[in-house]
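One structure is given below, encoded as structure tokens.
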Amino acid sequence: MDMPNPSASVIGRKARIVERLQSVLPKDSVISDEAETRAYECDALTAYRCPPLAAVLPRTTQEVAEVLRICHQEGVPVVPRGAGTSLAGGSLPTADSIILGVSRMTQVLEADYDNRFVRVQTGRTNLSVTGAVEEEDFFYAPDPSSQLACAIAGNIAMNSGGAHCLKYGVTTNNLLGVTMVQMDGTIVEIGGAHLDPGGLDLLGVICGSEGQLGVVTEATLRILRKPEGARPVLMGFDSNEVAGTCVSDIIKAGILPVAIEFMDRPCIEACEAFAKAGYPMCEALLIVEVEGSEAEIQEQLALILEIAKRHNPVELREAKDADEAGRIWLGRKSAFGAMGQINDYMCLDGTIPVSELPYVLRRIGELSKHYGLGVANVFHAGDGNMHPLILFDANKPGDLELCEAFGADILRLCVEVGGCLTGEHGVGIEKRDLMLDQYAPEDLNAQMCVKDVFDPQWLLNPAKVFPLTSSESRRHAAE
């Protein structure tokens with residue numbers, strides 16, 4: 001069926017908005033050609049697509065403020081976008097919205113090694129923050145799997161973590177302050193290069209708010225001294241449940257590794273074929289890494305290996321040098337790309353208490369049989385942040401809907417055992433209608449009241465986070 005042509009009023013409105021945006025930005029910073037805007041029609045959740053009205057790529061906080069001021073006056077929704085790596089549809093545009101991308105905002109603005117912080121524009125990639133300070137033997141701790149590509153803006157929006165979050169925490173534990181532009185163009189400074197500012201914890205509200213409250217253009221990040229050394233150990237087990245129990249026992253023993261990563265057989269096989277890291281072909285694999293001085297490493301590994309041996313591992317492999325350590329991590333860091341080569345998949349992001357790992361893994365296996373769809377498990381086992389990859393055929397009618405139903409059941413399972421819908425990917429569009437499975441209507445209303453304060457017209461990142469009927473009614477009531 002042919003799509004109706006846009007009305008003259010719609011075309012005229014777009015032309016006026018684009019002209020106003022071009023008046024405050026360099027010509028190459030405004031993208032309005034229909035073919036070119038398709039580059040922004042989706043993020044890493046590629047099952048859903050919608051070209052925006054236009055896209056803008058500012059380079060400074062002041063340019064962002066000018067863009068938002070115009071959009072506020074025109075009543076145009078704005079979708080903030082970092083690097084577009086969101087797996088939850090966090091930067092999916094609507095047809096009437098402007099994409100505001102920060103990919104050209106990549107400067108390091110300040111580095112203070114005495115006080116251990118770095119201030120950057122938020123279009124800078126996660127890994128390049130460490131790259132900017134590593135010559136002084138510092139690093140930035142949060143390390144999501146997409147760290148080579150993902151932007152600090154998105155990390156803040158989704159409160160991203162990564163493999164080493166068990167010891168170092170997620171973004172909120174490493175974020176000291178932000179410069180944020182509100183929807184009306186007001187520039188505000190929240191937090192800063194100091195510990196625990198007085199007053200309301202607005203920084204805690206902003207981190208993880210998924211672009212609902214403002215556009216974060218600059219961030220002050222905590223940096224840490226590199227540890228003396230680090231060493232991973234590889235453990236293979238006969239079942240997912242046994243591996244899950246081993247993780248729980250390590251945590252219960254009071255040991256704090258820097259990372260505990262889990263992979264099951266489908267993921268192991270895909271990663272080995274892709275990266276050839278030398279993984280054993282077993283049912284479940286754990287990568288446990290510790291760090292510190294050589295004496296600390298030896299002491300921690302001795303305790304961890306003692307616990308592992310109680311669970312009859314099929315393989316225990318301690319890295320003997322940097323090359324072997326790199327190979328152990330190579331497979332895990334390649335997991336999502338490896339799975340993508342063999343199948344379409346949807347990557348989930350539920351979080352559960354570590355003690356529930358054996359039960360949840362068993363139930364996911366049962367659900368897999370019920371839905372007739374395969375699932376590969378790879379996740380941050382130490383803090384219970386699960387990433388089941390549901391395998392489906394995007395070209396097979398009905399498979400996507402079946403995959404979504406399977407995913408919804410997994411996320412409900414996470415909530416049932418005392419966990420939550422997301423650990424680091426955010427809610428986006430993927431989980432918005434599951435929010436009532438975690439929150440009572442009164443709780444959701446309280447959250448929406450916070451958005452009312454920051455964005456009274458509900459123009460920022462529309463149709464995300466909150467159940468669609470709730471957010472749309474709020475938006476229309478504000479018009």
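All of these numbers come straight from a predicted model, not from anything done at the bench.
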K14 and L53 have their tightest heavy-atom pair at CE-O, 3.3 Å
Kindly check if the number of other-residue, nucleotide or ligand heavy atoms within 6.0 Å of CG (L148) is above 12? no
Side-chain donor-acceptor pair present, D143, N126, cut-off under 3.5 Å: no
Between H164 and E289, a side-chain donor and acceptor under 3.5 Å: yes
Indicate the ring-plane relationship of Y371 and F406, choosing parallel, tilted or perpendicular according to the 30° and 60° boundaries. parallel
Apply the test salt bridge (Lys or Arg N to Asp or Glu O under 4.0 Å) to residues R332 and E261: give CA-CA distance (whole Å), side-chain angles for both, the deciding distance (0.1 Å), then the verdict. CA-CA 8 Å; R332 170 59 184 91; E261 295 293 295; 2.6 Å; yes
What class does the angle between the rings of W458 and F466 fall in, given that below 30° is parallel, 30 to 60° is tilted and above 60° is perpendicular? tilted
Closest non-hydrogen atom pair, H194 against L176: O-CD2, 4.1 Å
Could you tell me whether the side chain of L434 reaches within less than 4.5 Å of the side chain of R412, counting heavy atoms only? yes
Please say whether more than 12 non-hydrogen atoms of neighbouring residues, nucleotides or ligands are located less than 6.0 Å from CZ in R116. no
So which atom in R432 and which in A463 form the shortest heavy-atom distance, rounded to 0.1 Å? NH1-O, 2.6 Å
When every non-hydrogen atom of V205 is compared with those of S209, the smallest separation belongs to O-CB, 3.4 Å
Within the distance-only criterion (no hydrogens, no angle test), does the side chain of K431 pair as donor or acceptor with the backbone N or O of A88 below 3.5 angstrom? no
If the test is side-chain contact (heavy atoms from CB on, under 4.5 Å), which one of T61, V67, L68, T60 qualifies with V64? L68
Closest heavy-atom pair, N461 versus G90, reported as atoms and distance to 0.1 Å, is ND2-O, 3.1 Å
L25 and E66: CA distance, side-chain angles, deciding distance, side chain to side chain contact (heavy atoms under 4.5 Å, CB included) verdict: CA-CA 8 Å; L25 293 176; E66 294 292 341; 6.0 Å; no
Crowded around E19 CD? As in, over 12 foreign heavy atoms under 6.0 Å? no
Applying side chain to side chain contact (heavy atoms under 4.5 Å, CB included), run through L421 and V415 and close with a yes or a no. CA-CA 7 Å; L421 295 172; V415 174; 3.8 Å; yes
All heavy atoms of D114 vs all of D112, minimum pair found to be N-OD1, 3.2 Å
Between the side chain of Y345 and the main-chain N/O of F336, is any donor-acceptor distance below 3.5 Å? yes
Would you say the side-chain atoms of E430 and H425 include a donor-acceptor pair closer than 3.5 Å? no
Ignoring hydrogens and geometry, is there a side-chain-to-backbone donor-acceptor pair from R222 to N173 under 3.5 Å? yes
Look only at the side chain of S368 and the backbone of I364, and say whether a donor-acceptor pair between them is shorter than 3.5 Å. no
Taking atom types as modelled and ignoring hydrogens, do the side chains of D43 and S91 form a donor-acceptor contact shorter than 3.5 angstrom? yes
